[in-house]
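Inspection log for the structure reproduced underneath, given as structure tokens.
Note that the coordinates shown come from a computational prediction; the quantities given were computed from them, not determined experimentally. All chains are named by letter (A, B, ...) in the order of the sequence lines, taking the proteins before the strands, and each is independently numbered beginning at 1.
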Protein chains: 2
Amino acid sequence: MSHHDPKIADLNCGDCPIRHRAVCARCETDELHQLEAIKYYRSFQAGQPVIWSGDRMEFVASVVTGIATLTQTMEDGRRQMVGLLLPSDFVGRPGRATAAYDVTATTDLVMCCFRKKPFEELMGSTPHIAQRLLEMTLDELDAAREWMLLLGRKTAREKIASLLTIIARRNASLKLASKGGVRFDLPLTREEMADYLGLTLETVSRQISTLKREGVIVLEGKRHVIVPNLDRLLEETGDDSDGGMLN
Amino acid sequence: MSHHDPKIADLNCGDCPIRHRAVCARCETDELHQLEAIKYYRSFQAGQPVIWSGDRMEFVASVVTGIATLTQTMEDGRRQMVGLLLPSDFVGRPGRATAAYDVTATTDLVMCCFRKKPFEELMGSTPHIAQRLLEMTLDELDAAREWMLLLGRKTAREKIASLLTIIARRNASLKLASKGGVRFDLPLTREEMADYLGLTLETVSRQISTLKREGVIVLEGKRHVIVPNLDRLLEETGDDSDGGMLN
DNA sequence: CGGGTCGATTGATCTGGGTCAAGGCATCCG
DNA sequence: CGGATGCCTTGACCCAGATCAATCGACCCG
């Protein structure tokens, strides 16, 4: 059972929205077949828990459609979001039996799951899966570190501007005709945004109102945001202006 | 060049303090030889920069002795530590050309470096290196998420107690004879602790003084800490009492 | 020795964001 | 229809931690 150095191999498959084929034709069929054999889909309604921290977790998964969050909770109820999973993002840890965080569907959600055992075996025999997973994990680690800077050092206003920027970047469904504008829906409630940012929901609400009053953003209803000038918003984030030139 | 499912393969070698041998004897020599060929050591004095964010970084490395930090800085000088590297920890990202963070030696430091190119090639041909790296990266991600909870939701007192606990756990050079006590040296200045915790150095100093006044900790000089009763300190962290029962 | 530097401590004061509380506005449902 | 519920907004007030500033001790070095 030899492998032929395939160049691409994502963890999703079938109707998942991300590419998944190995380049090498001889491997491809093999792997596809194996992945197909151990995968299944699960759906969740908005607000439903996917799994609770400490629960036995016998699968790993990637998001197909919708949004899920990872949160940690202290005994007294203080909550901090520690992960935001968008389509193609991966959850679960090979080699760990129980979930370390609460995973919740914040919108209707479809996940593509792989039973843990066979997935781990497959990973052992298919080296580039581990490599692809490593890449994704390193990206997540970078995101986590950016997030740490936000939590530790940014003001409430900068936090909001940063979050809006992040969502705009990933979600820029409609670029405005006018130069440099975007519009998008907020996928999070004010409270979820607060849990993301380490703030209270009142502060989130106030800061959004301020940005609105100043014309940095325009709201249509409570959830739909229009950013007339993205650069203007970017100035408020406190980040280096040159944008993320990683890699 | 086939591999024989070795069970252990760390990235360090030679006189590095961590295990590094592959279990399978046939692989072992091979890999050791290859790792030896591309590795070299670098030493840094306390306070010296290892690399600046944005610099070209043509190696990956692991810490042999000493402590290094990863920090991010905003234009106006606000700083947030995003990584604390102790012996055996890994820095650098295969597949990225430039450093994403400032890396600084906070104590005298020896690193075991591998030139990036050959290391990546080796990783391609030696699957369990990627697997080992994945494991380590997932551990770091978990640590980062714990850290996010600390930054976003803990009080100054809880932050200090948490940091002391973390250092005590990793550094418990001397357990006290009396039940449940430990002593250790702080490897960080007050300012570095502040950058770790998202506080100012004054707040760090005040909180330490308070814990001292209350007898939770005892100081010998400014850097040496004695924790007479670790449980007492743990109660102050805000964490679940059951301790980290991961994996 | 005296002056400089670096880290740490402590005090006095200020303020950003938390807390508490009162509505507002949809949507749902009996 | 009217009450309930969920999400959001806004106001009034307060406090944990930031800011500004003075001092101390240890160490180094000319």
task = Could you check A/Leu188 against A/Arg153 and say which one's nearest nucleotide on DNA chain D is further toward the 5' end?
result = A/Leu188
ask   = Parallel, tilted or perpendicular: which fits the ring planes of A/Tyr196 and A/Trp147, with parallel below 30° and perpendicular above 60°?
value = parallel
request  = Among A/Gln80, A/Gln72, A/Glu140, find the one that has a side chain to side chain donor-acceptor pair (under 3.5 Å) with B/Arg145.
outcome  = A/Glu140
inquiry  = What is the distance, to the nearest angstrom, from the CZ atom on B/Arg190 to the P atom on D/dG17?
reply    = 18 Å
inquiry  = Checking B/Thr189 now: which residues fulfil side-chain contact (heavy atoms from CB on, under 4.5 Å) with it, not counting sequence neighbours?
reply    = B/Glu191, B/Glu192, B/Arg223
task = May I have the distance from A/Ile160 (atom CD1) to D/dC8 (atom P), rounded to whole angstrom?
result = 12 Å
ask   = Whole Å only: how far is the CG atom of B/Leu201 from the P atom of D/dT19?
value = 11 Å
If you restrict it to nitrogen or oxygen atoms, what contacts under 3.5 Å exist between nucleotides 20-22 of chain C and the protein, and what is each distance?
from   : atom 1 : to       : atom 2 : distance (Å)
C/dC20 : N4     : A/Glu202 : OE2    : 3.3

query = Using a cut-off of 4.0 Å between protein heavy atoms and nucleotide atoms, how would you tag nucleotides 22-28 of chain D 5' to 3' with B, S and -?
reply = -------
task = Can you tell me the distance, in whole Å, between the NZ atom of A/Lys159 and the P atom of C/dG18?
result = 7 Å
ask   = Base, sugar-phosphate, or nothing: which does A/Gly198 touch, judged by heavy atoms less than 4.0 Å apart?
value = sugar-phosphate
inquiry  = What is the distance, to the nearest angstrom, from the CG atom on B/Leu211 to the C1' atom on C/dT10?
reply    = 16 Å
ask   = Does atom CD of A/Gln45 have more than 12 heavy-atom neighbours from other groups under 6.0 Å away?
value = no
message = Under 4.0 Å from OP1 or OP2 of C/dT19: is there any side-chain N or O of A/Thr200 that close?
response = no
query = With a non-hydrogen cut-off below 4.0 angstrom, is B/Ile208 in contact with a base, only sugar-phosphate, or nothing?
reply = nothing
request  = Mind calculating the distance between CD (A/Glu158) and P (C/dG17) to the nearest angstrom?
outcome  = 9 Å
inquiry  = Whether the side chain of A/Asp185 engages the backbone of A/Pro187 through a donor-acceptor N/O pair (distance < 3.5 Å, no angle test) should be reported.
reply    = no
message = Does A/Arg157 reach a base, just sugar-phosphate, or nothing at all? Heavy atoms under 4.0 Å.
response = nothing
request  = Give a yes/no answer on whether the side chain of A/Thr203 brings an N or O atom under 4.0 Å of OP1 or OP2 in C/dG17.
outcome  = no
message = Within the 4.0 Å heavy-atom criterion, would you say A/Ser205 contacts the bases, only the backbone, or no part of the nucleic acid?
response = base
remark   = Nearest heavy-atom contact between A/Phe44 and A/Ala105 is CB-CB, 3.9 Å
query = When the distance from NZ of A/Lys212 to P of D/dT9 is rounded to whole Å, what number comes out?
reply = 7 Å
query = Could you state the CD-P distance from B/Glu192 to C/dC6, rounded to the nearest angstrom?
reply = 14 Å
message = Nearest to the side chain of B/Gln207, heavy atoms from C-beta on, is which of D/dG17, C/dT9, C/dG17?
response = D/dG17
request  = Apply the side chain to side chain contact (heavy atoms under 4.5 Å, CB included) test between A/Thr165 and each candidate in A/Leu233, A/Val182, A/Asp239; give the one that qualifies.
outcome  = A/Leu233
request  = Return no unless some side-chain N or O of B/Thr189 is found under 4.0 Å from OP1 or OP2 of C/dG7.
outcome  = no
Option among A/Arg157, A/Glu236, A/Lys154 that satisfies the side chain to side chain donor-acceptor pair (under 3.5 Å) test with A/Ser162 = A/Lys154
remark   = In short, A/Ala100 meets A/Arg96 closest at the heavy-atom pair CB-NH1, 3.4 Å
ask   = Is A/Arg78 touching bases, backbone alone, or none of the nucleic acid, heavy atoms closer than 4.0 Å?
value = nothing
ask   = Is B/Asp89 reaching over with its side chain to a backbone N or O of B/Leu86, donor-acceptor style, under 3.5 angstrom?
value = yes
